[in-house]
Amino acid sequence: MVTKLLFIGAGRMAEAIISGLTEDENNGFTRVTVSNKADKEKLERLKHTYGVEVSSDWKTEVNKHDVILLASPPHTHNELLRQLSGMIEGQFIITVAAGIDPSYMEVRLPDRTPAAWIMPNTGAQLGQSMSTFACGNYVEENHRKILYKILSAIGEAEELPEEQVHDLTAITGSAPAFLYAFAEALEEAAVSYDVSPDQARKLVTHMLKGSASMLERGESPQTLMQQVASPGGSTAEGLKVLEKENFGSLVKKAVKATNDHARGGKD
């Protein structure tokens, strides 16, 4: 199947997907075009680095492509979809914007337009994203093959109903920022004990990497905590402070605030 892919937007996530796709010579895309109105220097860099075609006017490219990936902020989508609706003829429309689900797109696009929503995270830049995605009512098997090719270029993926993708936006999409905030606090604590910032970064980074590897083996967070924190020991005292300060509740509040904002940021 001949597949031509147009990116509307050239931000970090667009580049992550492009990078992953171009590493696979058999990615199935005969043409990849990236459009960005504001940053011509970035377009030239993407062209030089990945060998993609570039354009400063996506409207001139729509009818030349059968897959269109929207990589612009959520608040741009209402107008963007309105403009697209008068231009497309059966193209597969995909978005990576938070809060923009297939139902939202379907009511703004021509009847029976195949639409999908993917929610990657920052790990996509290393091919290590854990993405969630939802498909609209008119996505068929050929569209799914295209979608899986895009998703596999940036890591792992899990298909869910769109309501669950909404609910898990903060868990898979935004929570890396929460983790980085935690890492920053640990680094600052380490530096307070007279290690250098570089040493602190190394200590914290490898601790997090090893801890994640333990979770990957399939053991529960509770079991792993018990392995580290012996009753009455030093780690247990630290965990008591986190419990006293409602660490778990605070994380859940951050998740809710993230999801509430994502749902309300479409227009």
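Across all non-hydrogen atoms, the minimal contact from Val34 to Leu43 is O-CD2, 3.6 Å. Nearest heavy atoms, Gly136 versus Glu106: CA-OE2, 3.3 Å. The heavy-atom pair separating His77 from Ala97 by the smallest distance is CE1-CB, 3.4 Å. In terms of heavy-atom proximity, Met207 sits nearest to Ser211 at O-OG, 2.8 Å. Pairing each heavy atom of Lys149 with each of Phe29, the nearest pair is CG-CE1, 4.0 Å. Residues Val96 and Ala71 share a closest heavy-atom pair of CG2-CA, 3.8 Å.
A donor-acceptor pair under 3.5 Å links the side-chain atoms of Thr60 to the main chain of Asp57, judged by distance alone. Remark: the backbone N or O of Arg82 is paired with a side-chain donor or acceptor of Ser85 at under 3.5 angstrom. Listed for the Asp101 side chain is no donor-acceptor partner under 3.5 Å among the backbone atoms of Trp117. No side-chain donor-acceptor contact under 3.5 Å links Glu61 to the backbone of Leu6. Looking at Gln91, its side chain does come within 3.5 Å of a backbone N or O of Glu89 through a donor-acceptor pair.
Rounding to the nearest 0.5 Å places OG1 of Thr223 at 10.5 Å from CE of Met214. Atom CG in Leu147 sits 9.0 Å away from atom CG in Leu69 (nearest 0.5 Å). Here the straight-line distance linking atom CG of Asp66 with atom CG of Leu5 works out to 8.5 Å at 0.5 Å rounding. For the atom pair Leu70 CG and Leu84 CG, the distance stands at 6.0 Å (nearest 0.5 Å). Here the straight-line distance linking atom OG1 of Thr49 with atom CD1 of Ile18 works out to 10.0 Å at 0.5 Å rounding. Distance check: Thr33 OG1 to Leu46 CG gives 12.0 Å after rounding to the nearest 0.5 Å.
Considering only heavy atoms from C-beta on, Met87 comes within 4.5 Å of Lys59 through its side chain. For the pair Met105/Ile100, a side-chain contact is recorded, criterion being any heavy-atom separation below 4.5 Å from C-beta on. Ile94 places none of its side-chain heavy atoms less than 4.5 Å from the side chain of Phe133. Taking the side chain as every heavy atom from C-beta outward, Leu203 and Leu186 never approach each other to under 4.5 Å. Looking only at side-chain heavy atoms (C-beta outward), Pro221 and Leu215 come within less than 4.5 Å of each other. Counting heavy atoms from C-beta outward, Leu109 and Tyr138 have side chains that stay 4.5 Å or more apart. Looking at Cys135 and Arg144, their side chains come closer than 4.5 Å, going by heavy atoms from C-beta outward.
Residues Glu237 and Lys240 are paired through a salt bridge, judged by an N-O separation under 4.0 Å between the basic side chain and the carboxylate.
The 12-atom threshold is exceeded at CZ of Arg31, counting heavy atoms of other residues, nucleotides or ligands nearer than 6.0 Å.
Placement of Phe247 and Met225 within a single hydrophobic cluster is found when ILVMFWY residues are connected by side-chain heavy-atom separations under 4.5 Å, directly or transitively.
In this pair, Phe92 and His143 present their aromatic rings tilted. The plane angle is within the 30 to 60° band.
A donor-acceptor contact under 3.5 angstrom links the side chains of Gln125 and Thr122, judged on distance only.
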Side-chain atoms of residues 7-16: list all donor-acceptor pairs with protein atoms under 3.5 Å, sequence neighbours left out, distances to 0.1 Å.
{"residue": "Glu15", "atom": "OE1", "partner": "Arg45", "partner atom": "NH2", "Å": "2.9"}
{"residue": "Glu15", "atom": "OE2", "partner": "Arg45", "partner atom": "NH1", "Å": "3.0"}
{"residue": "Glu15", "atom": "OE2", "partner": "Tyr50", "partner atom": "OH", "Å": "2.8"}

